[in-house]
Amino acid sequence: MKHRFRSRSFVALGKLLAILGPLLLIFYTFLYNPPCNEPSSDMLSPMVVKLSNSTETVNYPTNISHIKFVLVGCTKTWLTRRPYTEAWWRPNQTRGNIFMDSPPPKEFLPWPKTSPPFQLNTDATKLPVYPKLANPIEARIFRSVLDSFSLGDNQGVRWFVMADDDTVFFIDNLVQVLAKYDHTKQYYVGMHSESVISNFLFAFDMAYGGAGYALSYSLVEQLAPLMNDCLERYPFMHTSDHLTSSCLFDLGVALTLERGIHQIDLLGDISGMISAHPQAPIVTLHHFDNIDPIFPNRNRTEAVKHLMKAAEIDQSRLAQQTICYDKPMNWSVSVSWGYSVHIYESIIPRSILKKPLETFKPWKNGPPPLYMFNTRLLTNDPCHTPHVFFMEYIRKLKGNSVVLTTYRRKARRQLQPCFVPGNYSADNILRVRVFSNATLRKEAGKIDCCNVLHMAGMNVMNIKLRNCRKGEVIA
């Protein structure tokens with residue numbers, strides 16, 4: 001009887017363990033692993049966070065839900081600038097607000113879900129320092145970060161990203177860039193102006209707020225209570241971004257530069273700059289109201305939406321320059337993926353082609369140097385003047401594993417061919433087709449190579465992007 005009782009007890013115990021085992025496993029999984037609403041991605045670097053009651057670490061990848069946008073606008077310009085913001089804003093995914101100077105008029109209502117939620121700035125005129133400010137309007141913009149932080153909806157926020165309402169973001173690239181940094185530390189991420197004189201007048205180590213800058217949550221947590229005190233210290237400053245940088249420097253926080261953030265302190269045709277974008281993810285483009293439409297035969301709004309078609313498919317390659325050569329024709333080809341293709345009727349090294357063509361004008365006239373980067377002057381030399389093609393359409397092929405972008409000639413050069421022995425004219429090329437891998441993101445900073453597939457006499461050039469071979473010289 002005793003033996004039978006023990007056997008039944010062991011059986012009962014086994015059944016109990018069989019029931020409790022899976023429950024314990026589920027409890028352990030949910031307790032020690034990231035919640036399922038924060039999906040991981042191979043494009044995002046993991047953020048290691050220590051649990052307060054454990055020495056173990058877990059991975060929480062930075063994603064779009066961790067970014068809170070602080071966009072600044074005004075009711076007078078919102079109707080013309082709204083399309084720029086709505087081109088990149090993702091309802092139900094992006095977080096944040098558009099801060100305005102006055103309540104929206106009736107023609108703005110009902111407020112569309114395609115725009116960032118509206119928020120009215122707090123009244124800065126009640127501050128004791130307000131009558132002393134050199135540029136009182138900037139106080140509202142400067143304090144927008146404080147207004148956003150004070151809303152209290154900061155659960156899960158790792159980054160506050162400030163920008164103007166005429167700035168276009170490339171969100172996937174923004175996430176990729178911010179994922180490199182530890183949000184629990186104090187980071188101020190942005191970029192200076194392209195214009196030397198702008199940096200001279202303000203600061204070479206200041207992030208320009210129109211282009212956008214990012215502040216880690218821990219930094220905003222420290223900065224927010226001190227912003228009014230900062231206004232008291234710097235009432236003579238004329239811009240909100242200069243105020244912000246000065247306050248941060250007083251806290252001992254320096255600027256971390258990211259080359260893909262663009263203030264666009266330039267005028268006219270900026271296609272030369274975008275066609276030779278630095279090897280860094282393109283994060284923002286600013287000042288669309290002050291430049292020509294970035295695509296020919298389109299207005300500014302249409303041009304932005306056209307660029308976003310490529311951005312929706314592969315932001316990692318967007319505007320990234322790839323250079324290759326058609327040796328039988330003696331041609332150099334520069335591809336700015338998703339934007340433009342340049343064909344030169346001579347062999348030109350990459351070290352030269354990576355310098356932007358100076359199609360644009362300076363923001364303000366002044367003594368040279370005018371720009372914070374080297375440029376190539378426009379010329380009538382047919383050997384160094386490109387045949388220019390702009391993106392016409394984009395689509396996926398072969399079960400979505402290949403991306404085809406097609407580029408159409410802008411116009412004839414109105415120049416003679418390059419008269420060098422062995423050279424051929426590219427006047428007959430009407431379109432360029434570029435094939436890229438849709439399943440692999442381009443690594444930031446990594447240079448790709450390409451093969452030109454073109455037969456003499458054909459009016460279409462095919463180009464295949466590929467990884468560079470070890471030791472391959474792009475010249």
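Here, residue 1 is the first one in the sequence, and each next residue gets the next number. Keep in mind that the numbers below use all heavy atoms, side chains included, and drop hydrogens, waters and symmetry copies.
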Scan the side chains in residues 395-405 for donor-acceptor partners under 3.5 Å anywhere in the protein, sequence neighbours excluded, and list what turns up.
unit_1, atom_1, unit_2, atom_2, d
Ser401, OG, Lys398, O, 2.7
Thr405, OG1, Tyr407, OH, 2.9
Thr405, OG1, Val434, O, 3.4

Applying ring-ring contact (aromatic ring centres under 6.0 Å, His included), can you list everything that pairs with Tyr213, at least two apart in sequence or on another chain?
Tyr188
With side chains defined as the heavy atoms from C-beta onward, is the minimum distance between Pro116 and Asn97 less than 4.5 Å?
no
Is there a donor-acceptor contact under 3.5 Å from the side chain of Thr62 to the main chain of Ala179?
no
Heavy-atom donor-acceptor pair, Arg376 side chain to Lys355 backbone, under 3.5 Å:
yes
Would a distance-only check, ignoring hydrogens and angles, find a side-chain to backbone donor-acceptor pair under 3.5 Å from Asn299 to Glu302?
yes
Pairing residues for Tyr187 by the ring-ring contact (aromatic ring centres under 6.0 Å, His included) criterion, not counting sequence neighbours
Tyr181
Please find the pair of heavy atoms, one from Ser198 and one from Tyr208, that lie closest to each other, and give the distance.
O-OH, 2.9 Å
Hits for side chain to side chain contact (heavy atoms under 4.5 Å, CB included) against Thr375, two or more places apart or cross-chain, chain-then-number order -> Glu358, Phe360, Tyr371, Phe373
Which residues pass the disulfide (SG to SG under 2.5 Å) test with Cys468, not counting sequence neighbours?
Cys449
Keeping Glu392 on the side-chain end and Arg408 on the backbone end, is there a donor-acceptor pair under 3.5 Å?
no
Gap separating the OG1 atom of Thr184 from the CD atom of Glu221, nearest 0.5 angstrom
11.5 Å
Could you note down all residue pairs passing salt bridge (charged side-chain N to carboxylate O under 4.0 Å, His left out) where residues 287-296 supplies at least one of them, sequence neighbours left out?
Arg81-Asp289
As an exercise, state the distance from CG of Asp101 to OG1 of Thr75, rounded to the nearest 0.5 Å.
4.5 Å
Under 3.5 Å side-chain donor-acceptor pair for Glu86 and Ser115:
yes
Asp166 backbone acceptor or donor facing Asp164 side chain under 3.5 Å:
no
Classify the side-chain pair Asp265/Ser195 by whether it contains a donor and acceptor separated by less than 3.5 Å.
no
Using only atom types and a distance under 3.5 Å, with no angle test, would you say the side chain of Asn154 pairs donor to acceptor with the backbone of Phe149?
yes
To the nearest 0.5 Å, what is the distance between OG (Ser193) and CZ (Phe202)?
9.5 Å
Would you say the side-chain atoms of Ser148 pair up with the backbone N or O of Ser144, donor to acceptor, closer than 3.5 Å?
no
So does Ala276 get a backbone contact from the side chain of Gln321, meaning a donor-acceptor N/O pair under 3.5 Å?
no
Could you grab the distance from atom CG of Asn121 to atom CD of Gln119, nearest 0.5 Å is fine?
8.5 Å
Whether Arg300 side chain and Phe288 backbone form a donor-acceptor pair below 3.5 Å
yes
Please check if the side chain of Thr301 supplies one atom and the backbone of Pro83 the other of a donor-acceptor pair under 3.5 Å.
no
If the threshold is 4.0 Å, N to carboxylate O, is there a salt bridge linking Asp153 and Arg95?
no
Any luck finding a side-chain donor-acceptor pair between Thr167 and His286 under 3.5 Å?
yes
All side-chain hydrogen bond (donor to acceptor under 3.5 Å, both in side chains) counterparts of Ser336, not counting sequence neighbours:
none
Would one find more than 12 heavy atoms of other residues, nucleotides or ligands at under 6.0 Å from atom CG of Asp123?
yes
Can you run down the salt bridge (charged side-chain N to carboxylate O under 4.0 Å, His left out) pairs that involve residues 190-207, sequence neighbours left out, and say none if there aren't any?
none
Applying ring-ring contact (aromatic ring centres under 6.0 Å, His included), name anything that partners His342, two or more places apart in sequence or on another chain.
none
In chain order, what residues pass the ring-ring contact (aromatic ring centres under 6.0 Å, His included) check against Trp88, with sequence neighbours excluded?
Phe69, Phe169
Hits for side chain to side chain contact (heavy atoms under 4.5 Å, CB included) against Lys442, two or more places apart or cross-chain, chain-then-number order -> Gln279, Ser316, Arg317, Gln320, Asp448
First locate atom CD of Gln186, then atom CD of Gln222, and finally report the distance between them rounded to the nearest 0.5 Å.
4.5 Å
Sorted by chain and number, sequence neighbours left out, salt bridge (charged side-chain N to carboxylate O under 4.0 Å, His left out) with Asp250 holds for Arg233
